[in-house]
Amino acid sequence: MAKTITVTIENGKSTVNLEGFHGKGCAEILAEFAKGNTEVKREKKPEFYQVERKGEACKR
Amino acid sequence: MSAYAEYVTEFDNAEMLIQCLKESGFAEVEYHETAQHLIGYHGDTRQDTAEIIVRRKFVGSASNDIGYKRGEDGKFRAIISEYDSHTYDRDWQTRLADNYCEKKTIKTAQRLGLRFTGKKKVGTKTELKFVKN
């Protein structure tokens, strides 16, 4: 499954939505967007809590 | 004399803010390492200072300078006269903030090595899509 990132911007604020990501290793992407944007709303999807399978972990 | 009012912003990157101001229609935008005084529509020097300044001739015929003054938190505060705030109102400031946010998002994505795949406008929202290879 492709790993996609959708950033929605409205009223100078942004929301980041990650799809296809698993595990906490991907939290760095959210952290980077939080640094770079006016405001990042965070909502963890069920996938976030899934155990990473070998070979699917995000690169750090 | 039209009084100046300050507006809190989240702008923290001068270069990006200047680019956004130019894209919003200002032909010239000044940047000063040291904050300079703003000039009123009579040519009077105001007490207010700013590092980023749009001179009044680029703002409007009876306008005052518009400034962006960097605060201690590193973020710029918009300094806009009461007169000019009718044109450069909250809606205008929001559009400027959206453009700034879009640029910051793209810059962050580039830093992360994400591939930009498209931009979509949905009402007042802008969606930017990226793929991580």
Side-chain angles (χ1 to χ4, degrees), chain A, chain B residues 7-17 19-21 23-24 68 71 73-78 88-133:
Chain A
M1 184 181 181
K3 293 173 181 173
T4 63
I5 301 101
T6 305
V7 180
T8 305
I9 298 167
E10 187 178 34
N11 296 326
K13 294 174 182 170
S14 62
T15 307
V16 181
N17 185 28
L18 303 181
E19 288 181 59
F21 287 87
H22 302 276
K24 291 185 178 181
C26 305
E28 71 168 18
I29 288 186
L30 285 176
E32 285 297 319
F33 276 106
K35 273 193 269 177
N37 286 288
T38 305
E39 183 178 301
V40 175
K41 293 176 184 174
R42 296 175 186 220
E43 182 182 337
K44 290 174 182 172
K45 293 181 166 186
E47 291 88 346
F48 180 88
Y49 300 100
Q50 287 179 4
V51 177
E52 292 174 6
R53 283 184 286 174
K54 200 170 184 180
E56 289 189 352
C58 297
K59 291 176 185 172
R60 281 187 176 266
Chain B
Y7 301 87
V8 174
T9 79
E10 295 294 330
F11 306 138
D12 57 2
N13 182 309
E15 189 182 346
M16 216 171 273
L17 173 56
Q19 195 180 347
C20 291
L21 286 166
E23 286 176 9
S24 78
Y68 285 85
D73 60 356
K75 294 177 181 174
F76 288 94
R77 285 170 291 126
Y88 303 99
D89 57 7
R90 282 288 180 195
D91 283 348
W92 178 82
Q93 292 187 50
T94 298
R95 287 196 297 277
L96 190 73
D98 282 355
N99 190 15
Y100 181 89
C101 197
E102 189 176 321
K103 289 191 189 322
K104 273 223 144 180
T105 297
I106 290 170
K107 191 175 180 183
T108 301
Q110 285 172 342
R111 195 173 65 242
L112 291 169
L114 305 178
R115 183 165 54 86
F116 179 63
T117 58
K119 174 180 169 179
K120 188 167 75 172
K121 284 286 278 183
V122 184
T124 56
K125 296 179 182 178
T126 302
E127 279 187 7
L128 302 174
K129 285 192 180 289
F130 304 92
V131 170
K132 184 175 173 63
N133 294 319

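Labels below follow one simple rule: chain letters A, B, ... track the order of the sequence lines, proteins then strands, and each chain is numbered from 1.
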Distance from B:T117 atom OG1 to A:I5 atom CD1, nearest 0.5 Å? 8.5 Å

Any non-hydrogen side-chain atom of B:K129 less than 4.5 Å from a side-chain atom of A:T4? no

Of all heavy-atom pairs between B:A97 and A:G12, which one has the smallest distance, and what is that distance? CB-CA, 3.7 Å

Least distance between heavy atoms, A:E10 atom then B:D98 atom: C-OD1, 3.6 Å

When rounded to the nearest 0.5 Å, the distance separating NZ of A:K13 from NZ of B:K125 is 13.0 Å

Atom of A:T8, atom of B:E127 and distance for their closest heavy-atom approach: OG1-CG, 3.7 Å

B:K104 side, atom NZ; A:I9 side, atom CD1 - distance, nearest 0.5 Å: 12.0 Å

Which answer fits B:L128, side chain, backbone, both or neither, if we ask what part of it has an atom under 4.5 Å from a heavy atom of chain A? both

